Amino acid sequence: MNRFALICLAACLLVTSSAFAQKAKKAKEMLLAPLAAEFAPAEGEELSKDSQKALNVSERCLKQDRSWLRAQENQVPVNQLYESLSSAVVCWQGAEKKSAKAGEVAAPLAWWTAARARYIESYRTYLWAIDAKLAGDRAFVCRRLDSALKESNLAIDASEGLSDKYTGVAAQALAAQLTADVGGLSSAIADEHKNQGCGK
């Protein structure tokens, strides 16, 4: 093989390996990278296995949430959306346990994950109440709204001051968005609870 051919081959391999490295880097970018940065180990050290597992589970849950979010955007019937949130509740409860197991080092993940789990739980129960309302099941509406209200209060407690716990701007933004989501849902639940005359 002549020198020119070798140079061309080397250039092609360099471009290919560079493209592969860029793809690999993009593939590793996580939705929860801002939270991961909050408890990243010091240079030369590795993330504990429990912390990595907790991060992976939370990341998977957040990606799976796209499924019910799409269903919501497509305005599927409330009972279908309620059912689609079932796996989300299970996933986030599991992620919460994993992040708690990882210990104090993974606290930045645990705070956010716990708030997310409470948000998903209260949203699903709220949909359960709305489903009863649409079906005309008056006997169940207030009972389910009572449960949703209790769960939304837990979500408020878990998300209150959440962004203040983080140092990075991106992590603060992620926490602030979750706090806003919790606030919006809690207001909707409280309004529906009042409109239905529950608690009287």
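Model, not experiment: these values are computed from the prediction.
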Peer 1: In Å and rounded to the nearest 0.5 Å, what is the CG to OG distance from Leu154 to Ser159?
Peer 2: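 The distance works out to 10.5 Å.
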
Peer 1: Can you hop from Val76 to Leu134 via hydrophobic side chains spaced under 4.5 Å?
Peer 2: yes

Peer 1: So, do Tyr166 and Trp111 have ring centers that fall under 6.0 Å from each other?
Peer 2: yes

Peer 1: Test side chain to side chain donor-acceptor pair (under 3.5 Å) on Gln177 and Asp181; report intermediate values, then the result.
Peer 2: CA-CA 6 Å; Gln177 181 59 58; Asp181 290 343; 2.9 Å; yes

Peer 1: When clusters are formed by joining ILVMFWY residues with side-chain heavy atoms under 4.5 Å apart, either directly or through shared neighbours, do Val105 and Met30 land in the same one?
Peer 2: no

Peer 1: Whether the side chain of Gln93 engages the backbone of Ala117 through a donor-acceptor N/O pair (distance < 3.5 Å, no angle test) should be reported.
Peer 2: no

Peer 1: Arg70 and Glu73: salt bridge (Lys or Arg N to Asp or Glu O under 4.0 Å), yes or no, with the steps?
Peer 2: CA-CA 5 Å; Arg70 273 195 304 271; Glu73 288 171 4; over 6 Å; no

Peer 1: Pair Glu46, Gln52 - check side chain to side chain donor-acceptor pair (under 3.5 Å), show working.
Peer 2: CA-CA 10 Å; Glu46 290 185 0; Gln52 189 62 60; over 6 Å; no

Peer 1: Would you confirm whether Glu38, through its side chain, and Gly168, through its main-chain N or O, come within 3.5 Å as a donor-acceptor pair?
Peer 2: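 Yes; judged by distance alone, with no hydrogens or angles, the pair exists.
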
Peer 1: Roughly how far, to the nearest 0.5 Å, is CH2 of Trp128 from CZ of Arg143?
Peer 2: 8.5 Å

Peer 1: Treating Ser152 as the side-chain partner and Leu149 as the backbone partner, does any N or O pair qualify as donor plus acceptor under 3.5 Å?
Peer 2: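 Checking the backbone N and O of Leu149 against the side chain of Ser152, a donor-acceptor pair under 3.5 Å is found.
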
Peer 1: Membership question, hydrophobic clusters at under 4.5 Å side-chain separation (ILVMFWY): are Phe140 and Ile189 in the same one?
Peer 2: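 The answer is no; the residues belong to distinct hydrophobic clusters.
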
Peer 1: Calculate, to the nearest 0.5 Å, the distance between atoms CD and CG belonging to Gln172 and Leu162 respectively.
Peer 2: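 So the CD of Gln172 and the CG of Leu162 are separated by 10.5 Å.
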
Peer 1: If you apply the rule side chain to side chain donor-acceptor pair (under 3.5 Å), what do you find for Ser58 with Thr113, and how did you get there?
Peer 2: CA-CA 7 Å; Ser58 292; Thr113 300; 3.2 Å; yes

Peer 1: Quick check on the hydrophobic clustering: are Leu69 and Leu81 connected, directly or via other members, by side-chain heavy-atom contacts under 4.5 Å?
Peer 2: yes

Peer 1: What's the separation between atom CD1 in Ile130 and atom CD in Glu192, rounded to the nearest 0.5 Å?
Peer 2: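 It comes to 4.0 Å.
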
Peer 1: Out of curiosity, Arg124 CZ to Arg144 CZ, how far, rounded to the nearest 0.5 Å?
Peer 2: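 Reported value, rounded in 0.5 Å steps: 10.5 Å.
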
Peer 1: Measure the spacing between CG of Leu31 and CG of Asp65 and express it to the nearest 0.5 Å.
Peer 2: 10.0 Å

Peer 1: Would you find more than 12 non-hydrogen atoms of other residues, nucleotides or ligands less than 6.0 Å from Lys101 atom NZ?
Peer 2: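 No, NZ of Lys101 has 12 or fewer neighbouring heavy atoms, counting only those of other groups under 6.0 Å.
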
